[in-house]
Student: 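Sharing a structure below in structure tokens format, with a few things to ask.
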Amino acid sequence: MASTPDATSDPTEDPVLRMENVTAGYGNTTVLHDVSIAVEDEQVACLIGPNGSGKSTLMKSIYGFADVQSGTVSFRGQEITGRSPQQNLANGMSYVLQDASVFPGMSVHENMLMGGYVFNDDDRAAARAEELYEEFPVLADLRSQSAGTLSGGQRRLLELARALMVEPDVMMLDEPSIGLEPRFIDDVFERIEQLNDLGTTILLVEQNAEKGLSIADRGFVLASGEIKFTGTGTELLNDEEVGRLYLGG
Ligand SMILES: Nc1ncnc2c1ncn2[C@@H]1O[C@H](COP(=O)(O)OP(=O)(O)OP(=O)(O)O)[C@@H](O)[C@H]1O
Ligand SMILES: [Mg+2]
């Protein structure tokens, strides 16, 4: 976790992401009820909670994939409620979805270039891809291979690298470690921490709650579409009730 001061030390600075009293869902279906969270600059925030509690919906309602029915979403103090995913990407926010999002019929390299499509500049996208191949040599070796043939771990890495094409200010990662074997999980977490050390603000959803909270400056527990607990990662890890209800402790 980055050693940034607690938000309370500078009340004049807006959080990077803020949801205020957000009720959201899909069409007439409401999933989130009156959710308020703040993610501070250069921090790692981790959202945990049971299956179906609305964690992915929370991310989707920030990014413009779900419908915000009331309340507001803001980015560095500017309201962005309902802004499109394309606009968010072009403004320094990237999002790795929980579900497979590689284009299976395209090569690894073509997938990488798609991650930089908002540049509208093929040379810039190609140059950025080369930088990322240096950081992800596994992907460099696979660049000509069809993405549909990648293993689960390789695909997750491609999704992560592709989301870095835009050099995001904020990254939202929905269950980056799901389905991966332990050594890949450790690799993904190390990369998340490295990115954060370089100044990227991270909002993470993690089913491995202990692992997620252990790297988090701030944690949120969501259940039945409501925020039930908020605290530092350590506070939530040590909270008796959170442990009993949500950490299997
Ligand atoms: N596109 C959609 N249309 C209607 N309902 C949806 C849609 N996507 C999700 N839901 C519903 O919203 C609720 C919350 O789903 P969500 O995917 O946000 O949960 P989650 O906490 O991310 O779960 P998991 O841990 O299983 O990923 C569920 O009841 C789900 O069925
Ligand atoms: Mg989910």
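All ligand and atom numbering here is 1-based and tracks the order in the structure.
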Student: Assess the side chains of Glu79 and Thr81: does a donor N or O sit below 3.5 Å from an acceptor N or O?
Tutor: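 Checked: Glu79/Thr81 side chains pair up, N/O donor to acceptor below 3.5 Å.
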Student: Fit a plane to each ring of Phe229 and Tyr246, take the angle between them on a 0 to 90° scale, and name the class: parallel (under 30°), tilted (30 to 60°) or perpendicular (over 60°).
Tutor: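 Rings of Phe229 and Tyr246: perpendicular, over 60°.
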Student: For Met93 and Ile80: C-alpha separation, side-chain torsions, deciding distance, then whether side chain to side chain contact (heavy atoms under 4.5 Å, CB included) applies.
Tutor: CA-CA 12 Å; Met93 294 168 65; Ile80 60 160; 4.2 Å; yes
Student: Quick one, Thr201 with Glu40, criterion side chain to side chain contact (heavy atoms under 4.5 Å, CB included). Give me CA distance, side-chain angles, the key distance, then yes/no.
Tutor: CA-CA 8 Å; Thr201 304; Glu40 304 294 335; over 6 Å; no
Student: Salt bridge check, Arg162 against Glu159: does any charged N sit closer than 4.0 Å to a carboxylate O?
Tutor: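 Looking at Glu159 and Arg162, the cut-off is not met.
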Student: Check the pair Ser56 / Val205 against side chain to side chain contact (heavy atoms under 4.5 Å, CB included), numbers first and verdict last.
Tutor: CA-CA 8 Å; Ser56 296; Val205 168; 5.6 Å; no
Student: Closer than 3.5 angstrom, by distance alone: can the side chain of Asp239 be matched with the main-chain N or O of Glu235 as a donor-acceptor pair?
Tutor: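 Here the side-chain-to-backbone pair does not exist.
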Student: When Gln69 is tested against each of Thr29, Asn28, Thr30 for side-chain hydrogen bond (donor to acceptor under 3.5 Å, both in side chains), which residue passes?
Tutor: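 Only one option passes, and that is Thr30.
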Student: Select all protein residues for which some heavy-atom-to-ligand 1 distance is less than 4.0 Å, and list them by chain and number.
Tutor: Tyr26, Val31, Pro50, Asn51, Gly52, Ser53, Gly54, Lys55, Ser56, Thr57, Gln98, Glu175
Student: When you check the space around the Mg ion (ligand 2), which protein N, O or S atoms turn up under 2.8 Å?
Tutor: Ser56 OG, Gln98 OE1
Student: Please determine if Asp186 and Lys211 form a salt bridge, counting it only when a charged side-chain N lies under 4.0 Å from a carboxylate O.
Tutor: yes
